[in-house]
Peer 1: 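Handing you this structure, nothing more for now.
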Amino acid sequence: MALGILEPKDEHVAGTVYVYDQARGHIEQVSSERNLKKDRSGKIILVPQPSDDPNDPLNWPVRKRDTILAILTIVAVIATTAAPLLAADSVQLAIFFVKTFQDAANLTAFHLAGCAVGALIFVPSARVWGKRHVFLFGALLMTATSAWGGSTHNNKNYTSLLWARVFQGVALAPFESLTNAVVGDLYFVHERGPRMAVVNTAIFGGAFLTPVFVGMIAKHIGWQWSFYFLAIFMGVGFLALFFCVPETAYRRATALNTDTMHDQTRSTFTSTSPAESLNSDEKRLRSTSAPVATAQPRDTYIKQLHVVNGRKSDDSYFKLLLRPFPLYLQPAVFWGCLMQGVIIGWTVMVGVILSLIFLSPPLFFTEEQAGKMYTAAFIGAMVGLVLSGIYTELVTRWMIRLNNGKYEPEYRILLALPTLIFTAIGLYGFGITAANTYKYGWLIPDVFIAFVIASMVMGAICSAQYLLDAHREIDIEIFTNLIIFKNVFSFVLAYFAYTWVFSTGIKRMFTIFGSIEVGICALSVPMYVFGKRNRAFWQRHDLLRMFKLR
């Protein structure tokens with residue numbers, strides 16, 4: 001039992017890495033693997049290995065790849081503003097459509113349900129036919145549904161706006177679920193870190209700053225213009241995606257995907273040294289690489305504009321569609337869904353009721369003032385990102401040293417400790433102060449919102465990092481699970497938001513939420529202790545094979 005982690009009987013468990021041996025093996029690899037491609041310095045072996053095909057995205061110039069990612073990120077940021085688009089306007093919308101506050105909250109609830117359905121449909125489609133057609137469809141649908149949503153102002157048709165929000169959620173799904181995957185398509189492992197950070201920071205920041213601008217728009221020119229501006233920007237985004245973002249998915253020889261191939265095959269190397277394992281990989285790479293790739297002509301610009309340019313996988317679409325569901329039976333996946341999805345649900349609940357709290361007496365905020373309250377959420381998101389990065393890096397390195405150079409993915413779970421602290425402070429504090437704005441005013445509840453958002457970012461990073469390191473071979477299915485769970489859970493919370501507020505009260509409701517979240521964070525203790533045994537068990541018992549989905 002090393003550092004509190006129970007050891008299984010298995011000799012090797014996927015995810016466990018001997019860092020010192022790996023580093024020593026890497027030195028031997030650099031000197032012996034003459035045929036593997038390296039970066040310009042000649043010191044870093046490229047992972048994954050690029051093919052000889054000029055159409056392989058890994059062979060594109062860095063400037064081209066960065067431009068593609070920048071355009072996609074900007075469009076994704078614009079698209080993600082759809083989720084909190086009505087956060088500052090719920091009271092105004094209830095009055096405008098002569099509906100209840102819960103009806104106004106349902107405009108967000110059903111949007112989240114649409115996003116869950118969209119993720120389920122689009123992720124397998126992207127794996128089979130590539131990502132370009134999914135992004136283009138999402139941008140086009142977002143443009144149309146945003147114009148649709150704004151037009152409901154003319155005839156005061158609530159039902160029409162509700163359906164517009166549902167299809168806005170469907171349109172958002174590709175950008176929410178696949179933008180990070182494009183980083184894996186375009187970059188080698190050693191290039192991904194800073195770009196992943198930039199992408200996630202941009203998307204987080206854009207989502208939390210949206211209500212600030214929406215509140216201003218609602219006050220000065222009307223809530224419908226939030227939809228119209230989104231339609232205009234997404235229309236431009238569609239054109240940018242069509243003309244400037246080619247397909248990034250590429251069907252590369254299996255042996256060239258050394259970042260995932262190693263994970264899938266390393267269990268066969270239990271009796272060999274790291275250097276011998278690496279040499280085995282080299283032989284496999286040489287024997288399976290297809291020399292015909294060198295004869296491939298470079299695609300013309302017109303061909304790159306094709307919406308679909310062939311299958312990227314031989315897997316059945318319907319098998320890929322069903323794959324995420326059995327994985328909910330895997331304890332690590334279910335824990336990750338709870339850690340990430342539940343705290344995101346609490347933030348959705350805060351957003352749904354925030355305008356009611358601050359637009360009502362004694363504060364009587366305007367939509368613009370209520371929107372500006374989300375500045376604290378943006379600050380909290382940035383604080384959470386920075387603290388998560390620093391904490392995880394320092395603690396993980398410290399644990400590796402204590403464990404004599406052996407890395408276990410369970411070290412990532414230790415981020416649950418600051419998550420618990422921030423979530424308890426945020427949820428309990430917000431419930432107490434938001435329930436009595438006569439006494440506490442607006443600033444103190446706003447500070448606690450920042451704590452809630454910071455804990456959300458920490459919980460999301462904690463679960464994502466652990467699942468990616470511990471179960472990398474099913475990472476796409478796992479992240480689909482996370483997206484579906486958090487959207488369905490958030491839908492339930494938003495759907496019953498005002499019913500619970502009026503029947504339970506803000507203070508009691510957030511005390512219950514805080515206690516639930518503390519309990520979920522406490523589940524990280526058994527996950528840490530039994531995590532390696534859990535990895536070993538599911539390494540021997542493949543859920544996807546058991547359900548005939550592999």
Side-chain angles (χ1 to χ4, degrees), residues 68-69 71-83 110-146 163-186 199-200 203 207 230 234 237-238 240-242 245-251 306-325 327-328 337 340-341 344 464 474-491 549:
I68 291 170
L69 184 62
I71 293 171
L72 179 60
T73 300
I74 292 170
V75 178
V77 168
I78 296 170
T80 53
T81 62
F110 283 93
H111 170 85
L112 296 170
C115 193
V117 173
L120 183 64
I121 295 171
F122 291 140
V123 170
S125 180
R127 291 191 65 179
V128 175
W129 294 289
K131 302 178 181 68
R132 177 171 163 82
H133 76 285
V134 177
F135 285 131
L136 290 174
F137 179 79
L140 194 61
L141 184 61
M142 182 66 76
T143 303
T145 53
S146 297
W163 279 107
R165 289 291 285 165
V166 170
F167 285 104
Q168 264 194 329
V170 174
L172 171 60
F175 300 99
E176 186 180 67
S177 57
L178 294 170
T179 301
N180 281 324
V182 172
V183 178
D185 292 340
L186 291 176
V199 168
N200 284 283
I203 293 175
L230 181 55
M234 283 304 297
F238 170 80
L241 291 176
F242 184 82
V245 178
E247 180 60 66
T248 62
Y250 181 79
R251 193 163 186 172
H306 290 180
V307 176
V308 176
N309 58 6
R311 291 179 67 98
K312 308 302 176 185
S313 170
D314 290 327
D315 290 327
S316 164
Y317 171 84
F318 293 102
K319 279 190 175 182
L320 293 173
L321 184 72
L322 296 173
R323 271 187 187 178
F325 295 105
L327 295 178
Y328 284 114
C337 288
Q340 183 172 133
I344 290 176
I474 51 173
D475 57 350
I476 294 177
E477 288 81 5
I478 286 176
F479 285 109
T480 304
N481 282 71
L482 296 177
I483 291 168
I484 293 172
F485 181 91
K486 70 99 171 172
N487 280 307
V488 171
F489 183 74
S490 297
F491 162 76
L549 293 175

Peer 1: Do Phe485 and Leu482 have side chains that get closer than 4.5 Å, going by heavy atoms?
Peer 2: no
Peer 1: Can Arg251 and Asp314 be said to form a side chain to side chain contact (heavy atoms under 4.5 Å, CB included), step by step?
Peer 2: CA-CA 10 Å; Arg251 193 163 186 172; Asp314 290 327; 2.4 Å; yes
Peer 1: With the side chain counted from C-beta on, respond yes when Pro124 and Arg323 share a heavy-atom pair under 4.5 Å apart, and no when they do not.
Peer 2: no
Peer 1: Not counting sequence neighbours, list each pair that qualifies as a salt bridge (Lys or Arg N to Asp or Glu O under 4.0 Å) and has a residue in residues 163-181.
Peer 2: Glu176-Lys486
Peer 1: When the ring planes of Phe110 and Phe491 are compared, do they come out parallel, tilted or perpendicular, using 30° and 60° as the limits?
Peer 2: perpendicular
Peer 1: Grab the two heavy atoms, one from Val488 and one from Ala116, that are nearest each other, plus how far apart they are.
Peer 2: CG2-CB, 4.1 Å
Peer 1: Within this structure, what is the CD1-CG distance for the pair Ile476 and Leu178, rounded to the nearest 0.5 Å?
Peer 2: 8.5 Å
Peer 1: Starting at CZ of Phe175, measure out to OG1 of Thr80 and round the result to the nearest 0.5 Å.
Peer 2: 10.0 Å
Peer 1: Can you check side chain to side chain contact (heavy atoms under 4.5 Å, CB included) on Asn180 and Phe479, steps first, answer last?
Peer 2: CA-CA 11 Å; Asn180 281 324; Phe479 285 109; over 6 Å; no
Peer 1: For the pair Phe135 and Leu72, evaluate side chain to side chain contact (heavy atoms under 4.5 Å, CB included) and give the outcome as yes or no after the intermediate values.
Peer 2: CA-CA 9 Å; Phe135 285 131; Leu72 179 60; 4.0 Å; yes
Peer 1: Return the set of residues passing side-chain hydrogen bond (donor to acceptor under 3.5 Å, both in side chains) with Asp185 (not counting sequence neighbours), or none when no residue passes.
Peer 2: Lys131, Thr248
Peer 1: Can you list everything that forms a side-chain hydrogen bond (donor to acceptor under 3.5 Å, both in side chains) with Arg127? Sequence neighbours excluded, please.
Peer 2: Glu477
Peer 1: With sequence neighbours excluded, tell me which residues meet side chain to side chain contact (heavy atoms under 4.5 Å, CB included) with Ser490.
Peer 2: Leu112, Ile344, Val348
Peer 1: How far does CD1 of Ile74 sit from CD1 of Ile203, to the nearest 0.5 angstrom?
Peer 2: 11.5 Å
Peer 1: For the residue pair Tyr317 and Ser125, what are the closest heavy atoms and their distance?
Peer 2: CE1-N, 3.4 Å
Peer 1: Taking the side chain as everything from C-beta on, heavy atoms only, tell me whether Trp129 gets closer than 4.5 Å to Arg311.
Peer 2: yes
Peer 1: Should Phe137 and Pro174 count as side-chain neighbours, where that means a heavy-atom distance under 4.5 Å?
Peer 2: no
Peer 1: State, with a plain yes or no, whether a side-chain heavy atom of Phe325 is found less than 4.5 Å away from one of Leu120.
Peer 2: yes
Peer 1: Answer whether the closest heavy-atom distance between the side chains of Val170 and Phe122 falls below 4.5 Å.
Peer 2: yes
Peer 1: Check ring pair (Phe, Tyr, Trp, His ring centres under 6.0 Å) between Phe238 and all other residues, then give those that pass, not counting sequence neighbours.
Peer 2: none
Peer 1: I need the minimum non-hydrogen distance between Asp315 and Val128, along with the two atoms involved.
Peer 2: O-CG2, 3.9 Å
Peer 1: Quick one: closest heavy-atom pair of Ala173 and Ala119, and the distance?
Peer 2: CB-N, 3.3 Å
Peer 1: Supply the atom-to-atom distance Thr143 OG1 to Leu230 CG, rounded to the nearest 0.5 angstrom.
Peer 2: 7.5 Å
Peer 1: State, to 0.1 Å, how close Cys115 and Asn487 come at their nearest heavy-atom pair, and which atoms those are.
Peer 2: SG-ND2, 3.7 Å
Peer 1: For residues Met234 and Thr81, determine if any side-chain heavy atom of one lies less than 4.5 Å from a side-chain heavy atom of the other.
Peer 2: no
Peer 1: Heavy atoms only: give me the nearest Glu247-Lys312 pair and the separation to one decimal.
Peer 2: CG-CE, 4.0 Å
Peer 1: Should Pro246 and Ile68 count as side-chain neighbours, where that means a heavy-atom distance under 4.5 Å?
Peer 2: yes
Peer 1: What residues form a side chain to side chain contact (heavy atoms under 4.5 Å, CB included) with Ser316, not counting sequence neighbours?
Peer 2: Phe318, Lys319
Peer 1: Determine, step by step, whether Leu172 and His111 satisfy the side chain to side chain contact (heavy atoms under 4.5 Å, CB included) criterion, reporting the C-alpha distance in whole Å, the side-chain angles of both residues, the deciding distance to 0.1 Å, and the verdict.
Peer 2: CA-CA 9 Å; Leu172 171 60; His111 170 85; 3.7 Å; yes
